[in-house]
2 protein chains.
Amino acid sequence: MSLAPARPKGPHLNALRAFEAAARLGSFTAAADELAVTPGAVTQHIKSLEAWAEAPLFVRNARGVVLTPLAEELLPGFTSAFDQLGMAVQALRAKAAPRKVKVAALPSIAQLWLPPRLGQLRRAAPEISVSVVAMETPPNLTREPFDLTLFYGADQLGANEMEVARDRIFPVCAPEIAARLTGLADLNKETLLHDGAWAKDWDMWLSAQPDADGIARAGTVHSLFSVALEEARHGGGVLIAHEALVQPLLDNGELVRPFSGSLDLPARLVAKTAPAFARSPIFSVVQDFLLGGAA
Amino acid sequence: MSLAPARPKGPHLNALRAFEAAARLGSFTAAADELAVTPGAVTQHIKSLEAWAEAPLFVRNARGVVLTPLAEELLPGFTSAFDQLGMAVQALRAKAAPRKVKVAALPSIAQLWLPPRLGQLRRAAPEISVSVVAMETPPNLTREPFDLTLFYGADQLGANEMEVARDRIFPVCAPEIAARLTGLADLNKETLLHDGAWAKDWDMWLSAQPDADGIARAGTVHSLFSVALEEARHGGGVLIAHEALVQPLLDNGELVRPFSGSLDLPARLVAKTAPAFARSPIFSVVQDFLLGGAA
DNA sequence: GTTTTAGCCTTAGTTTTTCTAAGGTAAAAT
DNA sequence: ATTTTACCTTAGAAAAACTAAGGCTAAAAC
């Protein structure tokens, strides 16, 4: 009815992205994490979008948010739009810099498992430049700029995923410590090392051993596996280790396995490839040297 | 090869949007116009995206830009992603505020053709609120927040488009001026009024009349048709008018047609509906009262 | 029945992004 | 030769986005 003066603008794109992430994950905090911002930023984006649309999109409860029926209905459209945008961005990255590979991996994998393989790859194909970013949780490959992720996971293998190694745990220690360990009971006299993110490893391994009752399951926690590993190398205790991460040190004798028992966990070390990277000309080279040519 | 410290971020969404618009339109200026910003803003967005991708996307010539093969190849993916995002936003608008209609129209249409019809609609369906935004060029309905556009166009009718009126031009003037006009030659003694955006109207109409040689085709230019119309109503000259815009004033006798000759232009007054609005429950009401129920 | 925890909120203030304004260049058109 | 078109650059201003810190509330844990 009225003659508005200025051309009205659409909502901010960042607000739309925040809405999509928050609605998909059902949590502002989780969305903030995915977008690598603070939750407050997400709150404000959502608020700005709600103001633009003049309609509420979330019902805020003290313990989490719930989508309104409106948001529920609109989510799929936004998700597929941002998925498509993400793929376009991945295509841009893959085609603009086809000799660069970005890998996201668990810190321990980035530090212990990757380096020897990266060396091999560099000797075989020096024109390929690989950058590795360490993080605790796997990035969303349709949204974040990575070509390859390496994380432990127990889920069924999805598209573009392949198993690189099984997740097997067993105790390791320096040879001089192994010399004084004659049975499981001797563990009570040693420091049991483990990684904070894998807090239950000792517990699980001991439960799987016969006659392991009465062994203390506490020990020194390290927030990074590689720090605990360093401690073990220098005779600081017995570490409950993941096979893929300690194999080189077992091979060269710096660490030994004081007990033969090993435990296979349901998880695996899984490599996941971004769709655009799977179509890249350097994909097969990277696959051969980084992932050992496994199918 | 190196362990990067921070999680790398993707490109800015606004930069992607600027790239998509500039690549699709083949011009930074046109993109700036579509996005309602200055060309400098587009320049910087593109530059930031090129820096992120570490690859050029446009070749800048002194007279326009040309897409690089890379940009050419990536464009369709971005266009369809932003189209989908635009549709999701339109759906949000349509469902969050289903009683609100946003119309974009040529200033003259907004001021002269729409008001009586909006009055009718308001009397028939007062719960519907209509807002009208006047602009010179039609907005892109998949990107900008409008439900309906009303512009003159000569192109074939596309999807969601309908013809509201033919574009017919003829001279009009106040009755007292008409009284002293006995033939085309008398036009030489009068001020010929026309709209700046329709500069060739007098020319075209005179060319279509027999025995119109030697009539001066210059006159007073007004940047808005409605200003020229006001001038004509008050006896300020003879206006070359578009039928749809002056019909009410002809009906009530404030203006008359001093000559019988009219010229049908290839253009039409075309109403175009946003896909999401076509599915809205109020669509048929708006269509009936605003567009005269035309199929 | 407290206490803890999780999850979101608000606000103030800062940083980053985005935009505009103004002046400049070069090729094409007149 | 002059004008026009179209993009560029830069400085500075405006707006957006983000962070940090403190607070609230309800479910879960004790």
Side-chain angles (χ1 to χ4, degrees), chain A residues 5-53 56-68 71 82 89 136-137 143-144 199, chain B residues 6-53 56-68 71 82 89 136-137 143-144 196 199:
Chain A
R7 207 152 167 148
K9 293 210 179 183
H12 292 144
L13 294 181
N14 290 337
L16 295 177
R17 179 168 55 180
F19 163 70
E20 191 276 335
R24 173 165 41 82
L25 301 168
S27 151
F28 286 15
T29 309
D33 193 59
E34 171 167 312
L35 301 173
V37 296
T38 55
V42 174
T43 299
Q44 289 185 190
H45 278 309
I46 306 277
K47 204 178 293 185
S48 111
L49 186 58
E50 289 178 326
W52 182 85
L57 295 168
F58 292 90
V59 175
R60 277 85 167 169
N61 300 313
R63 213 180 156 69
V65 288
V66 180
L67 310 211
T68 60
F82 278 108
V89 171
E136 293 297 334
T137 54
R143 305 294 169 85
E144 295 192 56
Chain B
R7 205 154 168 148
K9 292 209 180 186
H12 292 146
L13 294 181
N14 290 336
L16 296 177
R17 179 167 55 181
F19 163 70
E20 191 276 334
R24 174 165 40 82
L25 301 169
S27 151
F28 287 15
T29 308
D33 192 60
E34 171 166 313
L35 301 173
V37 297
T38 55
V42 174
T43 300
Q44 290 185 192
H45 278 308
I46 305 274
K47 202 177 296 182
S48 110
L49 185 59
E50 288 178 326
W52 181 85
L57 297 167
F58 292 90
V59 176
R60 278 86 165 166
N61 300 315
R63 206 173 164 71
V65 288
V66 180
L67 309 210
T68 59
F82 278 109
V89 171
E136 294 297 333
T137 54
R143 304 296 169 85
E144 295 192 55

CG/Asp33(A) to CG/Leu25(A) distance, rounded to the nearest 0.5 angstrom?
9.0 Å
Checking Lys9(B) now: which residues fulfil side chain to side chain contact (heavy atoms under 4.5 Å, CB included) with it, not counting sequence neighbours?
Ala36(A), Val37(A)
Which residues pass the side-chain hydrogen bond (donor to acceptor under 3.5 Å, both in side chains) test with Asn14(B), not counting sequence neighbours?
Arg17(B)
Below 4.0 angstrom, which residues in residues 32-41 of chain B have at least one non-hydrogen atom near DNA chain C?
Val37(B), Thr38(B), Gly40(B), Ala41(B)
I want to check something: taking the side chain as every heavy atom from C-beta on, are Phe58(B) and Leu67(B) in contact at a cut-off of under 4.5 Å?
yes
Tell me, please, which residues at least two apart from Glu20(A) pass salt bridge (charged side-chain N to carboxylate O under 4.0 Å, His left out).
Arg24(A), Arg143(A)
So Val59(B) and Val65(B), side chain to side chain contact (heavy atoms under 4.5 Å, CB included) or not? Walk me through it.
CA-CA 6 Å; Val59(B) 176; Val65(B) 288; over 6 Å; no
Can you give the first and last nucleotides of DNA chain D, 5' to 3', that have an atom under 4.0 Å from a heavy atom of chain B?
dT5(D) to dA11(D)
Measure the CG-CD1 distance between Leu57(B) and Ile46(B) for me, rounded to the nearest 0.5 Å.
7.0 Å
Contact interval (first through last nucleotide) of DNA chain C with protein chain B, 4.0 Å heavy-atom
dT17(C) to dA28(C)
Going by side-chain hydrogen bond (donor to acceptor under 3.5 Å, both in side chains), name the residues that satisfy it together with Glu50(A), two or more places apart in sequence or in a different chain.
Arg60(A)
Can you pull out the residues from residues 11-27 of chain B that lie within a 4.0 Å heavy-atom distance of DNA chain D?
Ser27(B)
When rounded to the nearest 0.5 angstrom, what distance separates CZ in Phe28(B) from OG1 in Thr38(B)?
13.0 Å
I'd like to know whether Val89(A) forms a side chain to side chain contact (heavy atoms under 4.5 Å, CB included) with Trp52(B), so could you lay out the CA-CA distance, the side-chain angles of the two residues, the decisive distance to 0.1 Å, and finally the verdict.
CA-CA 11 Å; Val89(A) 171; Trp52(B) 181 85; 3.7 Å; yes
Any side-chain to backbone donor/acceptor pair from Thr68(B) onto Pro56(B)? Under 3.5 Å, distance only.
yes
End-to-end bend of the helix from dG1(C)-dC30(D) to dT30(C)-dA1(D) (five-pair axes, 10° rounding)?
30°
Relative to the 5' end of DNA chain D, which residue comes earlier, Asn61(A) or Arg60(B), by the nucleotide with the nearest heavy atom?
Arg60(B)
State which residues pass side chain to side chain contact (heavy atoms under 4.5 Å, CB included) with Ala15(A); sequence neighbours excluded, sorted by chain then number.
His12(A), His45(A), Ser48(A), Leu49(A)
Apply ring pair (Phe, Tyr, Trp, His ring centres under 6.0 Å) to Phe82(A) and list each qualifying residue two or more places apart in sequence or on a separate chain.
none
In numerical order, the residues of residues 42-51 of chain A whose heavy atoms come under 4.0 Å of DNA chain D are Gln44(A), His45(A)
